[in-house]
Amino acid sequence: MRNPHAGEPFATSDEDIALALADLSIPTLMLSLVHMSGDPELIRGRLRPAGLFLNEVQGYMTEEDKAEVRALALPIIARYRDQGCPEPEPVPAGLLHEMMTWLVCEDVPAEYVPMLMEEMELDGSDVRKVEPVADASVRQAFPVVVIGCGQSGLLAGIRLQEAGIPFTIIEKNDGVGGTWWENSYPGARVDVGNHFYCYSFEPSDAWTEFFAQQPELQAYFESVMTRHGIGASVRWGTEVLGAAWDDDSATWSVRTRGPDGGEETLVARAVISAVGQLNRPHTPEIPGQDDFVGPAFHSARWDHTVDLTDRRVAMIGAGASGFQIAPTIAPDVEHLTVFQRTAQWMFPNPNYHEVVGPGVRWALRHLPFYGRWYRFLLFWPGCDKGLEAARVDPDYPDQQRAVSETNELTRQMFTDWITSQVGDDPDLIAKVVPDYPATGKRTLQDNGSWLRTLTRDNVDLVRTGIDHIEDDAVVTEDGERHPADVLVYATGFHANRVLWPMEITGRGGNDLRSLWGERPAAYLGITVPGFPNLFCMYGPGTNLAHGGSLIFHSECQMRYITQCLDVLIGEGHRSMEPKQERYDDWHQRSQREMRTLVWSQPSVKHSFFKNAYGEIHVLSPWRLVDYWTWTKELDVGDFEFR
Ligand code: NAP
């Protein structure tokens, strides 16, 4: 079978190829040319990318150099076409490493190469998939319940199906996508490049925008679900209320409430929680909010029946959601007042709203490994560099301003860009430049749309605290009334209440919520002592603030979980749970590490990463390459089996 990443054969005319080339990432194209021609000298000459920055997919090449590459590419592609588009010969490992280094203009350390090779799957294999173990009859006696059908729950279903393990997915919504089902607010889009923000084994050449909007993301998950035939195993509109472990039968009883309100209990040998961390909306309690007479709703519960045209809208909160909503609704509303407690750091991403040209889609479909190298080009700049940049230098003098010299340079770069977008209005500049270290909260990226929106005549940014809400206005602490017809809470989620509000009781009736309180922890973010055969995806300590993609993390987690299930089933164990000392050690090390990073700094006052004690238990403080290594192969010595 032809390697799917070698592209579909084509008969495109020279003219149409030339048109397509105009859309492409030229450095990525050059690597595809190496595959097509088998000639590595193509990347050993003068024509090469000049630098690396997240989403700068042209490597800062000059227009002249790009034109030169297009000119030399056309005959190579035409020859490849005329030869019938043969599947290229595999490229030797040394050359692949050279190609990686060439594309990103810096050494790619050897320890990263195996992870990147796996992520790119150049050989067309999907090594994260686990083949079935044991007889089908043995596997059939091991039903698994998956809670949630967002990106991680769907992945769980796909992998369980491949492993031949029977499963049921319980999903509270009526469709697939999780976050990408629920967050349908105007302007909702992903901020990780989509050609990387998709399953490694399900690349899409169909994205219409580089950072797709919610409907397209939801449709992607829908199409993957359909292709893998997972939908029939999902109970839609059904919420898991709780799950209880029974030691005698070594089973979980999973209590659900269906669309008709009826409760039912499913019995499972293992439970995979794939509920995400950001799906229980947080709406702050503000005096008088119930008196507000107009429509009021949370960003994740957008009321699409409310027409905002010519209405006065008050939006409370402006983090990652609010800063997408404001530019989208501002042109239509009469007035928009944005109440923002803390200014946000952000950096430029000129492609943020760009559409994917037809040439890119053609190349992704037809040019050998173009899509794979493009994926790598999006992944690498966000692969662990953000973690080193987040490291606190305790000797750095002004920790309120910056936590290290690197962090100070980041501050200057971000500040320059922010101020360049808002003109010379000193009041606005004072409001939009944060007063805490750069990257201390989840960093946003933009093409200037948010900052430009704030300069509109019909938009006000209010940084004064809210005192109370009246029937038709929000009143700030300075006594000013801000009239409003519609109230939008873009105030985030209960991120620290992991697995909440489900009641999970483990061995001996121990309640997970009481165990965790505000300090959720799981070994590798996946397993918890006393809660046998319970596996978390996107569990405690696995959210990412330093780059990568949650889909990458999910794929690491699900490979590990499938290996756990393999051992449980293949070796006939009743249950497994992590050894207490491994769990404690993991949590203590993670906490120690977390305290060395910018997100923990006291100068960052408001952050959904922090719990009530100012500690961070939801984020990963680890390099992606370490997490990949630790989850690649299950160490059975970490577990107690019964
Ligand atoms: P968020 O980042 O937590 O922002 C919540 C906003 O509400 C902040 O401005 C916050 O102020 C404010 N707020 C919260 N409680 C408040 C209170 N009591 N009084 C006044 N203001 C209050 O939530 P989000 O914007 O929904 O984003 C959550 C996460 O979802 C993101 O970090 C990201 O991981 C994900 N997300 C991703 C995308 C994307 O990929 N493009 C888009 C949307 C969301 P403070 O900053 O002062 O706390």
Side-chain angles (χ1 to χ4, degrees), residues 55 150-151 178-180 182-194 196-197 209-214 216-217 276-287 289 297-302 314-328 337-346 349 352-353 382 431-432 434-436 439-447 449-450 461-469 474 476-477 487-496 538 542-551 553 599 604-610 614 616 618-620:
N55 300 315
Q151 65 84 5
T179 259
W180 298 115
E182 292 180 4
N183 285 272
S184 63
Y185 60 76
R189 70 169 76 230
V190 67
D191 61 9
V192 177
N194 258 126
F196 171 48
Y197 188 83
E209 293 181 271
F210 289 101
F211 298 85
Q213 300 192 48
Q214 176 266 341
E216 193 167 1
L217 286 153
Q277 286 189 7
L278 300 169
N279 65 6
R280 297 289 171 173
H282 159 71
T283 304
E285 286 179 18
I286 302 174
Q289 68 194 144
F297 45 85
H298 188 274
S299 55
R301 299 286 181 271
W302 196 268
M315 185 174 77
I316 300 177
S321 302
F323 114 117
Q324 292 182 327
I325 294 168
T328 316
T337 313
V338 179
F339 298 87
Q340 190 185 43
R341 185 168 60 184
T342 311
Q344 299 280 347
W345 283 113
M346 58 189 70
N349 175 2
Y352 197 37
H353 293 174
K431 284 183 193 172
V432 294
D435 61 358
Y436 55 91
T439 72
K441 288 155 71 84
R442 187 181 184 278
T443 308
L444 307 178
Q445 49 184 303
D446 197 16
N447 55 2
S449 64
W450 155 258
L461 175 66
V462 176
R463 294 285 316 278
T464 312
I466 296 171
D467 184 76
H468 67 278
I469 295 175
V474 176
T476 40
E477 286 160 355
L487 196 52
V488 173
Y489 292 98
T491 42
F493 301 88
H494 290 285
N496 278 284
Y538 194 3
T542 66
N543 200 357
L544 287 170
H546 66 271
S549 130
L550 288 173
I551 296 184
H553 251 196
W599 312 302
V604 182
K605 293 198 179 50
H606 298 291
S607 157
F608 76 81
F609 299 150
K610 289 185 175 176
I616 299 182
V618 290
L619 278 189
S620 169

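One-based numbering, in listed order, for ligands and for the atoms of each.
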Quick one, V488 and W302 - any side-chain contact, counting heavy atoms below 4.5 Å? yes
Could you walk me through whether Y538 and N543 satisfy the side-chain hydrogen bond (donor to acceptor under 3.5 Å, both in side chains) test, starting with their C-alpha distance in whole Å, then the side-chain angles of each, then the deciding distance to 0.1 Å, before giving a yes or no? CA-CA 7 Å; Y538 194 3; N543 200 357; 3.2 Å; yes
Nitrogen or oxygen of Q340 less than 3.5 angstrom from that of ligand 1: no
If you measure every N/O of W180 against every N/O of ligand 1, is any gap under 3.5 Å? no
Within 45° cone of F609 ring axis and under 6.0 Å: R442 NZ or CZ: no
Selection from S321, G319, G322 by shortest heavy-atom distance to atom 24 (P) of ligand 1: S321
Value for CZ (F196) from CG (N55), rounded to nearest 0.5 Å, stands at 11.0 Å
Step-by-step side chain to side chain contact (heavy atoms under 4.5 Å, CB included) determination, I316 to I466: CA-CA 9 Å; I316 300 177; I466 296 171; 3.8 Å; yes
For K610, which of L619, V604, V618 qualifies under side-chain contact (heavy atoms from CB on, under 4.5 Å)? V604
Inspect the contact between R301 and E182 and indicate whether a charged nitrogen and a carboxylate oxygen are less than 4.0 angstrom apart. yes
Going by the atom numbers of ligand 1, which of them fall below 4.0 Å from some non-hydrogen atom of Q324? 41 (N), 42 (C)
Residue portion contacting ligand 1 (non-hydrogen atoms closer than 4.0 Å) for A188: neither
A320 N/O under 3.5 Å from ligand 1 N/O: yes
Euclidean distance, T542 OG1 relative to L550 CG, rounded to 0.5 Å: 7.5 Å
Subset of ligand 1 atoms that lie under 4.0 Å from at least one heavy atom of K441: 45 (P), 46 (O), 48 (O)
Spacing of NE2 belonging to H353 relative to OG1 belonging to T328, to within rounding of 0.5 Å: 7.0 Å
For G317, atoms of ligand 1 separated by under 4.0 Å from a heavy atom: 6 (C), 7 (O), 9 (O), 12 (C)
Can you list the ligand 1 atoms lying under 4.0 Å from a non-hydrogen atom of H606? 45 (P), 47 (O), 48 (O)
Numbering as shown, the atoms of ligand 1 that approach D191 to under 4.0 Å (heavy-atom distance): 39 (C), 40 (O), 41 (N)
Quick test: of every protein heavy atom, which one is nearest to atom 6 (C) of ligand 1, and how far off is it to 0.1 Å? A490 O, 3.2 Å
Out of T491, I286, N279, V338, the nearest non-hydrogen contact to atom 14 (C) of ligand 1 is supplied by T491
Could you tell me, atom by atom, which parts of ligand 1 come under 4.0 Å of a heavy atom of L278? 29 (C), 30 (O), 34 (O), 35 (C)
Heavy-atom pairs closer than 4.0 Å: do any link ligand 1 to the side chain of T342, the backbone, both, or neither? both
I need the nearest protein heavy-atom contact for atom 10 (C) of ligand 1: residue, atom name and distance, please. R341 NH2, 4.4 Å
Hey, would you say the Y436 and H606 ring centroids sit under 6.0 Å apart? no
A318, any N or O under 3.5 Å of ligand 1 N or O: yes
Gap between atom CZ of F323 and atom CD of Q344 - 0.5 Å precision: 8.5 Å
Proximal ligand 1 atoms for R189, defined as those under 4.0 Å from one of its heavy atoms: 39 (C), 40 (O), 41 (N)
For atom 23 (O) of ligand 1, the closest protein heavy atom turns out to be G492 CA, 3.1 Å
Shortest heavy-atom approach to atom 3 (O) of ligand 1 - which of Y197, Y352, F608, F323: F608
Ligand 1-proximal atoms of F493, by part, heavy-atom distance under 4.0 Å: side chain
Hey, is H282 touching ligand 1 through its side chain, its backbone, both or neither, going by heavy atoms under 4.0 Å? side chain
Counting non-hydrogen protein atoms only, what is the nearest one to atom 18 (N) of ligand 1? Give residue, atom name and distance. P284 CB, 3.3 Å
Measure up the W180 and Y197 rings against each other and bin them: parallel (under 30°), tilted (30 to 60°), perpendicular (over 60°). perpendicular
Could you tell me if Q324 and Y185 have a donor-acceptor pair between their side chains, going purely by distance under 3.5 Å? yes
Scan side-chain atoms only and decide if E209 and Q213 contain a donor-acceptor pair under the 3.5 Å cut-off. yes
A student comparing M315, Q277, R442, Q344 should find that the heavy atom closest to atom 37 (C) of ligand 1 comes from R442
Enumerate the atoms of ligand 1 whose separation from the nearest heavy atom of Y185 is less than 4.0 angstrom. 42 (C), 43 (C)
